[in-house]
Amino acid sequence: MKNNLSGNDAYAGSQLNGLVLLRVLIGWHFLYEGVSKLINPYWSSAAYLLDSKWIFSSLAKTIVSNPTLLGISDFVNMWGLTLVGASLLLGLFSRYSALVGMGFVILYYLFAPPFLGLEYSRPGEGSYIIVNKNLIEACALWVLYAFPTGHVIGLDRFFTK
Amino acid sequence: MSENNNMDRRELIKGLATVPVFGLFLVKLWQKMRRDAIKKSNILSNLVQENSAPAVIKSLSDSRHLNIGIIGYGGRGSHLVRGAGFATKGWTDTVAENAKKNKLDKQFETYMTQEDLNCSIKGVCDLFDVRANQGLDASKNEIRPGAKPRSTATRYLHYTELLANDEIDAVIVATPDHWHARIAMAAAKAGKHVYCEKGLTRTFDEAIALHDIVKETGITFQLGHQNRQVEANEKAKQIIRQGLLGKINLVELATNRNSPWGAWVWNIHPKGNAKTIDWDTFQEPSPNKFPFGEEALKRFFRWRCWFDYGTGLSGDLLSHDFDAINQIMDLGIPKYASSTGGIYFYKDGRDVPDVWNATFEYPDKDLTVLYSATLSSNEPRGNRIMGHDATMQMGGQSGGGSIHGFIVTADSESTQYKERLEQGIINTKYPIYTYSPGSKQIDGVTSATSRYFANKGLLYTYREGKRVDPTHLHIKDWLDSIRSGSQPKCNIDVALHEAVACHMATESYFQGRRIEWDPKKRALV
């Protein structure tokens, strides 16, 4: 019974609390990242993309040099982050949004990975080699996908009856 | 029944357990937006009146086709001719190829989307055969913004022959400085409109003479300071006029370069020889004469290194920064100038200094303008306008760093912003105004990262999808002024300010003393 993740009491109390807390915190983070871009009429993904290094740098340049692609990139980022954030926070379709959110963060990681020898003009907020907060957040979202909680604490509960 | 109710309630609570967190998020978001709004209303964005004129004025190009002659088709001359819409096949091929290799290289696109200025290059005069032929090539290259060229250029061996062509309406003078005055004055007398590269002239006397002839003949004269078209300078002017920097007593202008190219050690063209270069004509107006040979070749291709042909840092680089600050602050000619310097790094036979500092005094304005230049350090000092209430840091016009816009930061001891500083609404660590080209954003509350990008001019540049070359706008301004009979932005009056200020500083370097400007006698004392 304990291993049946779709059950109501799949987790012990502290396990459940920890997972829900993780989901809410990541949801909050995504939501604000998205909303702050939505309310800033001047925000653009161009700056991040222009500073891209490694395998996706030429793709990044293609996006920046094409106004249509850049528009799509901006739109997907702003709304994607906002929706994933709200979904995780409220526990609505949260298993799928954990997966989508993981996709976002992995892309951010791959567009600017903290590898030795890659120098960024953007000032960093910490010190990283290979592992940075994006990678950790992606991993945490994987955990949330593997151990879903929306159906226990969250709006998913009303849909999984 | 009550057990079922309890079950339902527990279900509901579990399902909605995180909704209050969402509510908390919305409350905090609203608080933050309100806080930012209050902060914003207290920074310069609200104090600055948004009424600047658009950078591109209404087009007059349709009204009248103009035939242009180019005298001096070198590095700068070819750029100016491109500004008029004509580039060599070699150049268009190269930049088209670059654009294919690097999608962010917009040089070709910028050129091809330039406005067609409805003009032709009718005459080319250059003392070096290779350059003259390149000019002819540019005049007929069909890869250009707008329709195919209407006519192609004729080469003239001497500028007097070019000026004798009645079909030519206007000339661009991009020769070395020692030829500027003679050619521009002859052109004005021949009724041709003149676009002359900076520095205006090689000597003070020439500047006065040229000014008077332009005034007498009434031709349309434009000096080649394309910074006059840069919107950042107009915005800076607006902010200073509104007194937002407080009383300004010191302005610091700087040039930092650190490469042989930046120090005018340009390539000697392999095809340059006694047959392809008209050396005698080149050195005709210069004080010292040299026979054709190795020294002559150096002097021909690296003329900026000698006072025989120009004025070194003064006419080449100070002139840009001086004109920019004159544009921003309407300074006019200083009362006093003094300068010192030396040849400290490039001991290659040049006679112009490579480290040079000049001060300009404006006693009636309670202002000193300081200019400091070195050709052996790339430290991006930029230009600073220091007021009692705030400082404006600008990128500078000549190798002064990568900031193409400017930032305004409040002074910790400011009187004007005292209350706001005390309340923490204004912080001296962050700009109260950031201007970055292509951006309409005026903001003091964006994140450190976006500020960083804004300062580098990286943000929004590609957003609008179109970049414009200020040199093109400057040529356009000149041609439009010819058509409308109005004065271009860098007309002969402001050109004289630049020329006299620069010559005062150069004279001071020669004489080792402070030079005074006598506005009544129009003389240096």
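So you know, we letter chains A, B, ... as the sequences are listed, proteins then strands, and number each from 1.
Within the 4.5 Å cutoff, the side chain of Leu88(A) has no heavy atoms near those of the Val24(A) side chain.
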Can you give each donor-acceptor pair under 3.5 Å made by side-chain atoms of residues 76-86 of chain A, sequence neighbours left out, with the distance rounded to 0.1 Å?
residue	atom	partner	partner atom	Å
Asn77(A)	OD1	Tyr108(A)	OH	2.5
Asn77(A)	ND2	Ser73(A)	O	2.9
Thr82(A)	OG1	Met78(A)	O	2.6

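For Leu24(B), the parts sitting under 4.5 Å from any heavy atom of chain A are the backbone and the side chain alike. If you measure heavy-atom distances from Leu31(A) to chain B, the contacts under 4.5 Å come from both the backbone and the side chain.
The minimum heavy-atom distance between Tyr111(B) and Arg82(B), with the atom names listed, is CE1-O, 3.4 Å.
Partners of Glu33(A) by salt bridge (Lys or Arg N to Asp or Glu O under 4.0 Å), not counting sequence neighbours, listed by chain and number: Lys37(A).
Put simply, of Leu12(B), Val21(B), Thr18(B), the one with the most heavy-atom pairs under 4.5 Å next to chain A is Thr18(B).
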